[in-house]
Amino acid sequence: MLTTEKLTLHYGGSQILHGIDMEARAGEITCVMGTNGVGKTSLLKALSGTHPRSGGTYALAGEQIGRAPAHVLAQKGVGYVPQGRDIFPFLTVQENLEAAYACLPRPEHKIPEEIFELFPILKEFLPRRGGDLSGGQQQQLAIARAMITKPKVLLLDEPTEGIQPNIIQQIGRVIAYLRDRGDMAIILVEQYFSFAYDIADQFYVLERGSVKMAGRKAELDRAELLSAVSV
């Protein structure tokens, strides 16, 4: 569903990503791991178009993607849930969800009932302002908003960060459900090792902006993988 070859990214004069080759398949969870500051979030920014890549190729569902901005990539099927969630704090939950309509043709401007089946609390909280929700509820809202765009690729940046354990379990079930539907590739950046290892199908470990280790879960030794992503 998504492939990159020799993808690079700069911030000003500093090169952050150095020739990233990766692929993410539909019906699978690809986990990007590594210690702080190795380029994980920068990779998702490059894939989502929120920061333009400097070089390399990027293909989405077989289509070569130029240096398209974020709104174009969203329309092409890249859903992005950034670290920090980017909820609109003064808009209601319903208005936050409806913000996803910008990526869809007018006849598809509706909130699927599936959203409320996966995140029942959102239906109850539709009139509440996004900023009044807890961190876990905001994370559910951010994932739900991305789902409304009907992504081919869903990018999740640290979805468990600062979230209470029961919500982490629910988010894990939702991510697994989306994978098992088989119609999207999921790329997950995650520091919580046990959560990531249990749910992922393949791994890319970054170090100083390069791929240090890559492979499918069955091919990688758990202890070696844990050591590679530990400080």
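Fair warning: this is a prediction, and the values are worked out from it, not measured in the lab.
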Exercise: do [X] and [Y] side chains pair donor with acceptor under 3.5 Å:
X: Tyr177; Y: Glu117; answer: no
X: Ser210; Y: His18; answer: no
X: Thr160; Y: Glu190; answer: yes
X: Ser42; Y: Tyr11; answer: yes

Should [X] and [Y] count as side-chain neighbours, where that means a heavy-atom distance under 4.5 Å?
X: Asn166; Y: Gln170; answer: no
X: Val153; Y: Ile187; answer: yes
X: Thr92; Y: Pro127; answer: no
X: Met33; Y: Lys212; answer: no
X: Thr3; Y: Tyr58; answer: no
X: Leu188; Y: Val32; answer: no
X: Leu7; Y: Leu17; answer: yes
X: Val38; Y: Arg208; answer: no

Please report the closest heavy-atom contact between [X] and [Y], naming both atoms and the distance.
X: Leu122; Y: Ala144; value: CD1-CB, 3.7 Å
X: Ala59; Y: Gln64; value: CB-NE2, 3.7 Å
X: Tyr101; Y: His109; value: O-NE2, 3.1 Å
X: Ala100; Y: Arg145; value: CB-O, 3.3 Å
X: Ala26; Y: Met1; value: CB-CE, 3.8 Å
X: Val205; Y: Ala228; value: CG1-O, 4.0 Å

Linked, directly or transitively: [X] and [Y] (ILVMFWY side chains, under 4.5 Å):
X: Ile65; Y: Leu154; answer: no
X: Leu2; Y: Ile29; answer: no
X: Phe88; Y: Ile148; answer: no
X: Phe119; Y: Ile186; answer: yes
X: Ile168; Y: Val174; answer: yes

* Trace of the side-chain contact (heavy atoms from CB on, under 4.5 Å) decision for Gln15 with Leu9 -> CA-CA 6 Å; Gln15 184 167 356; Leu9 180 143; over 6 Å; no
Donor-acceptor pair, side chain of [X] and main chain of [Y], under 3.5 angstrom:
X: Lys217; Y: Ala200; value: yes
X: Thr8; Y: Gly55; value: yes
X: Ser54; Y: His10; value: yes
X: Asp157; Y: Val189; value: no
X: Asp21; Y: Lys6; value: yes
X: Thr4; Y: Ile20; value: yes

* side-chain contact (heavy atoms from CB on, under 4.5 Å) partner of Ile171, the single match among Ile199, Leu156, Ile143 ->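 Only match with Ile171 under side-chain contact (heavy atoms from CB on, under 4.5 Å): Ile143.
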* To do: Under the side-chain contact (heavy atoms from CB on, under 4.5 Å) rule, what do Leu43 and Met22 come out as? Steps first, then yes or no, please.
  => CA-CA 11 Å; Leu43 176 59; Met22 71 176 297; 3.7 Å; yes
* Asked: Is a salt bridge present between Glu108 and Lys150, judged by a nitrogen-to-oxygen distance below 4.0 Å?
  ->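 So Glu108 pairs with Lys150 through a salt bridge.
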Calculate, to the nearest 0.5 Å, the distance between atoms [atom1] and [atom2] belonging to [X] and [Y] respectively.
X: Leu155; Y: Lys45; atom1: CG; atom2: NZ; value: 13.0 Å
X: Ile16; Y: Leu206; atom1: CD1; atom2: CG; value: 12.0 Å
X: Arg222; Y: Ser227; atom1: CZ; atom2: OG; value: 12.5 Å
X: Glu224; Y: Met213; atom1: CD; atom2: CE; value: 4.0 Å
X: Ile111; Y: Gln94; atom1: CD1; atom2: CD; value: 5.0 Å
X: Glu28; Y: Arg216; atom1: CD; atom2: CZ; value: 4.0 Å

* Measure up the Tyr197 and Phe203 rings against each other and bin them: parallel (under 30°), tilted (30 to 60°), perpendicular (over 60°). =>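 Plane angle under 30°, so parallel.
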Tell me, yes or no, whether the heavy-atom count around [X] atom [atom1], taken from other residues, nucleotides or ligands under 6.0 Å, exceeds 12.
X: Lys76; atom1: NZ; value: no
X: Gln83; atom1: CD; value: yes
X: Lys40; atom1: NZ; value: yes

* Start with the C-alpha distance between Glu98 and Lys110, add both sets of side-chain angles, then the distance that settles salt bridge (Lys or Arg N to Asp or Glu O under 4.0 Å), and finish with yes or no. => CA-CA 8 Å; Glu98 290 173 349; Lys110 57 186 176 182; over 6 Å; no
* Determine, stepwise, if the pair Glu23 / Arg25 fulfils salt bridge (Lys or Arg N to Asp or Glu O under 4.0 Å). => CA-CA 7 Å; Glu23 67 172 27; Arg25 305 176 188 178; 3.0 Å; yes
* For Arg85 and Glu161, what are the C-alpha separation, side-chain angles and deciding distance, and is it a salt bridge (Lys or Arg N to Asp or Glu O under 4.0 Å)? -> CA-CA 10 Å; Arg85 303 159 198 132; Glu161 184 179 45; 5.9 Å; no
* Val78 and Leu47: side-chain contact (heavy atoms from CB on, under 4.5 Å), yes or no, with the steps? -> CA-CA 8 Å; Val78 179; Leu47 297 178; 5.6 Å; no
* Could you please spell out the steps behind the side-chain contact (heavy atoms from CB on, under 4.5 Å) verdict for Thr149 and Tyr80? => CA-CA 10 Å; Thr149 69; Tyr80 181 34; over 6 Å; no
